[in-house]
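What follows is a structure written as structure tokens; I'll ask about it next.
In what follows, every heavy atom counts, from backbone to side chain, and hydrogens, waters and symmetry copies are set aside. Chain letters run A, B, ... following the sequence lines, proteins first and then strands; every chain starts at 1.
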Protein chains: 2
Amino acid sequence: MTKTIVLKNRPKGTPKLSDFEFVTEERTPTLTNGEMRLETVYVSVDPYLRGRMSDAKSYVPPFELNKPIHSGVIAKVIASKNDQFKEGDFVSGMLDWKTTQVSNGDGLLKVDKAKAPLSAYLGILGMTGLTAYLGLTQIGKPVAGETLVVSGAAGAVGSVVGQIGKILGLRVIGIAGTDEKIEMLKTKFGFDAGINYNTTKDMKAAIAEVAPNGVDIYFDNVGGPISDAVLFSINKFARMVICGAISLYNATELPKSLSVQPFLVKNSALMQGFIVSNYAEKFPEAMTQLSEWLAEDKLTYTETVVEGFDKIPTAFIDLFEGKNKGKMIVKI
Amino acid sequence: MTKTIVLKNRPKGTPKLSDFEFVTEERTPTLTNGEMRLETVYVSVDPYLRGRMSDAKSYVPPFELNKPIHSGVIAKVIASKNDQFKEGDFVSGMLDWKTTQVSNGDGLLKVDKAKAPLSAYLGILGMTGLTAYLGLTQIGKPVAGETLVVSGAAGAVGSVVGQIGKILGLRVIGIAGTDEKIEMLKTKFGFDAGINYNTTKDMKAAIAEVAPNGVDIYFDNVGGPISDAVLFSINKFARMVICGAISLYNATELPKSLSVQPFLVKNSALMQGFIVSNYAEKFPEAMTQLSEWLAEDKLTYTETVVEGFDKIPTAFIDLFEGKNKGKMIVKI
């Protein structure tokens, strides 16, 4: 038998456990040529999945109701009639939230357990690392000596963005929601300064204080009032990489923020939405760079690993309360 | 004697006549070597000047209180001890709101009355035309067949942007505030469609209807609710040229609008503030192109000409009620 998680309801506001349903099905009995059977090992839960649970027009089609949800997954090949993959191989790719599933191998990559822990292929050597590296370099266009502010800095992408910023010679400021996270940004990830938005009354003043030369690059994972506050410190020709807007994803009405137009005009500044899949032709170069920095211990990462297939919906929901440090992963 | 207009108060909200003061001074009696005496012929009043009347940080320093305001001016040389300019020449440049003034020629360009009407050098062959051409081409990066929406479309810059859009093979939609302006956009400037925001209840639906293939480029002069409505129709990789935000300039509190981040992320879209002076190295190429199109009758323009030096403040204030069609100019 195989357990599957399907989308039961399109969430209103913050997703609830009742928006998900566990379904048990019989396994496909036999494999045809080219197919293989996969056993799920790690599942990545990510804020962007929230968007796919709504039926609004977006860059990827929405999940269908009563169909399995899918996300980044590491799986083990437990039987194979596919020439490219053999029993015992590990693969990464976009796969269903199922304990086991059959695949023809399309879109899957073999991953090497000897080179890095398997879960790293969902994080720093997967979409997380690619998003951080390509968002920062392709839109942020960093120049050594500039100031970078990262929101959602203790999250999976944010913590990598900050470290890459330091490697590239930037002054790096992180914004996160607990003192423990701020401490981690500074001690573990090498950020120059951090701001706890939950205990800071005047975010505008706090940002101005830690960014005395203004903000040249803003890597934004959150949107909302935090991003409003950053606007007051942006420099001429500032680049704002809009990678996510987690503070707005669960809004039930269209959220409002400070009008950005006057800030953009005054500073000849840029805001650009970033989706990593638009930069697929740069993945090999980015992977090479990330692997190199990881091997040289210039990059480190944090994971929040939750155990058990049944915990996938909870782990996903917890993202919106910032319960994760770094990449949130479910180990099956 | 020379009349001068100085900034008496920093306006709160919409500028009032009492924010300006007329001062009469004696002329500088004699010219030293390199100087010339100019008599003002045309004065350009533009929305961006509102920003310089506040003391907020911006891309240009604010006007000083009790000092003359300046803007784009066409003046006649009435006496000269400068080798570059002789009596009878006409010049354009950033000059004070004075009936006569002395200049050493710095930053002034000679303009040719035989090639185009003098006032055109404040408009289509001046900052207006350069702003339209460079904003559209450098940030909008138009590709024939795409859809362009222009807000403030009947204004000085907007009406030129739309015409250049047509020359470059775009579907062009203009947003303006009266039926008369919409008619002018379509008949005089060749726009494909127009929307009167004052009589349209559902701007979002109206934009979707005239842009059935979505919006690839938005040339924004206004900000506020009109720009909010456009967001719902933007296509993947849309470019929004943020050239001005006239609807927000007189706000006395920081204005709010729909949060743009979710729209930018969903569509991998870009918003970028545009200031023409950042593109000075492209002025010669742009001027050549604009002059060529003007000579070929591919471009036309509208001016609202107000007569009398004393009317400068009124003409400026009228901009914020959309009383101008095309470039607002005061003839002295």
In terms of heavy-atom pairs under 4.5 Å, which option from A:G224, A:S227, A:S259 contacts chain B the most?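 Winner by heavy-atom pair count: A:S259.
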
If you tally heavy-atom pairs under 4.5 Å against chain B, which of A:I139, A:N278, A:V260 wins?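 Looking at each option in turn, the highest pair count goes to A:N278.
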
Write out, in numerical order, the residues from residues 239-246 of chain B with a heavy atom short of 4.5 Å from a heavy atom in chain A.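 Against chain A, the residues of residues 239-246 of chain B that fall inside the cut-off (heavy atoms, under 4.5 Å) are B:I242, B:C243, B:G244, B:A245.
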
Partners of A:P142 by side chain to side chain contact (heavy atoms under 4.5 Å, CB included), sequence neighbours excluded?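 Here the qualifying residues are A:L136, A:L168, A:L170, A:I217.
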
Any pair counted as salt bridge (charged side-chain N to carboxylate O under 4.0 Å, His left out), so long as it reaches residues 204-230 of chain A, sequence neighbours left out: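 Pairs touching residues 204-230 of chain A that pass the test: none.
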
Is B:Q261 close to A:M271 at the side-chain level, that is, under 4.5 Å between some pair of heavy atoms?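 Yes, at least one pair of side-chain atoms sits under 4.5 Å.
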
Suppose we screen for salt bridge (charged side-chain N to carboxylate O under 4.0 Å, His left out). Which residues come up paired with B:D19, at least two apart in sequence or across chains?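 With sequence neighbours excluded, B:D19 shows a salt bridge (charged side-chain N to carboxylate O under 4.0 Å, His left out) to no residue whatsoever.
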
For B:K12, I'd like to know if atom NZ has over 12 heavy atoms of other residues, nucleotides or ligands within 6.0 Å.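 Count not over threshold, so no.
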
Tell me, for B:L254 versus chain A, whether the close heavy atoms (under 4.5 Å) come from the side chain, the backbone, both or neither.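 Interface part for B:L254: both.
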
